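The structure under discussion appears below in the form of structure tokens.
Owing to the predicted nature of the structure, the values given are computational and were not obtained by experimental measurement.
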Amino acid sequence: QVQLAESGGGLVQPGGSLRLSCAASGIGFSINAMGWYRQAPGKQRELVATITSSDTTNYGDSVRGRFTISRDNAKNTVYLQMNSLKPEDTAVYYCNVRYRRVLLREYSDWGPGTQVTVSS
């Protein structure tokens, strides 16, 4: 198991910005990708953004152009810069890591989630 420590959530006004961080820790693993997913009450968990170990990125349609994902490979940390936030972005944001310990077998772990609330 890989432990994920999330930070940066909170309350922000519409149009504002927020930066989330997620640090992965553990031993004997190699990261394939890290990313962020979110879930609002009554809705399914949805993709926000992912980034691979080679820095290939993927964004959900609802955030593309407003959010930017990046990573520090040396620190096993992923960041999510969220700009032009909307009330619809309000959700619990979950960090995810996909990793391997043996050849061709991929594992996935989730952080506990951090609340992002966009409101006046």
Looking only at non-hydrogen atoms, find the nearest pair between [X] and [Y] and report the distance.
| X | Y | answer |
| --- | --- | --- |
| Ala24 | Leu4 | CB-CD2, 3.5 Å |
| Ser84 | Ser17 | N-OG, 4.4 Å |
| Ala33 | Arg71 | CA-NH1, 4.5 Å |

Establish, for the pair [X] and [Y], whether the NZ or CZ atom is under 6.0 angstrom from the six-membered ring centre and no further than 45 degrees off its axis.
| X | Y | answer |
| --- | --- | --- |
| Arg45 | Tyr94 | yes |
| Arg19 | Tyr79 | yes |
| Arg101 | Tyr99 | no |

Stepwise side-chain contact (heavy atoms from CB on, under 4.5 Å) test for Asn73 and Asn76: CA-CA 5 Å; Asn73 291 345; Asn76 287 336; 5.7 Å; no
Ring centres of Tyr37 and Trp110 under 6.0 Å apart? yes
Gap between atom CZ of Arg66 and atom NZ of Lys86 - 0.5 Å precision: 4.5 Å
Any side-chain heavy-atom pair of [X] and [Y] under 4.5 Å:
| X | Y | value |
| --- | --- | --- |
| Trp36 | Ile51 | no |
| Met34 | Ser53 | no |
| Val78 | Ser70 | no |
| Thr52 | Asn32 | no |
| Gln13 | Ser120 | no |
| Ser62 | Arg38 | yes |
| Val48 | Phe67 | yes |

Looking at [Y], is its backbone amide N or carbonyl O close enough to the side chain of [X] to form a donor-acceptor pair, meaning the two atoms are under 3.5 Å apart?
| X | Y | result |
| --- | --- | --- |
| Thr77 | Lys75 | yes |
| Asp109 | Val2 | yes |
| Tyr59 | Ile69 | yes |
| Gln39 | Val92 | no |

Check which hydrophobic residues are tied to Leu11 through side-chain heavy-atom contacts below 4.5 Å, counting indirect links as well, and list them. none
With clusters defined by side-chain heavy atoms of hydrophobic residues (ILVMFWY) lying less than 4.5 Å apart, directly or transitively, does Tyr93 cluster with Val12? yes
Let me check something: do Val116 and Leu47 share a hydrophobic cluster, defined by ILVMFWY side-chain heavy atoms less than 4.5 Å apart, either directly or through other members? no
Lys/Arg N to Asp/Glu carboxylate O, Glu106 vs Arg98, below 4.0 Å: yes
Show, in sequence, the C-alpha distance, side-chain angles and deciding distance for Thr68 and Leu80, and conclude whether the side-chain contact (heavy atoms from CB on, under 4.5 Å) test is met. CA-CA 6 Å; Thr68 302; Leu80 184 69; over 6 Å; no
When you look at Val63 and Met82, which way does the side-chain contact (heavy atoms from CB on, under 4.5 Å) test go after all the steps? CA-CA 9 Å; Val63 307; Met82 304 184 291; over 6 Å; no
For Arg64, check salt bridge (Lys or Arg N to Asp or Glu O under 4.0 Å) against everything at least two apart and list the hits. Asp61
Determine whether the side chains of Glu88 and Thr90 contain a donor N or O and an acceptor N or O closer than 3.5 Å. no
Under the criterion side-chain contact (heavy atoms from CB on, under 4.5 Å), I'd like the reasoning laid out for Thr50 against Thr57: C-alpha separation, chi angles, the key distance, then a yes or no. CA-CA 6 Å; Thr50 61; Thr57 59; over 6 Å; no
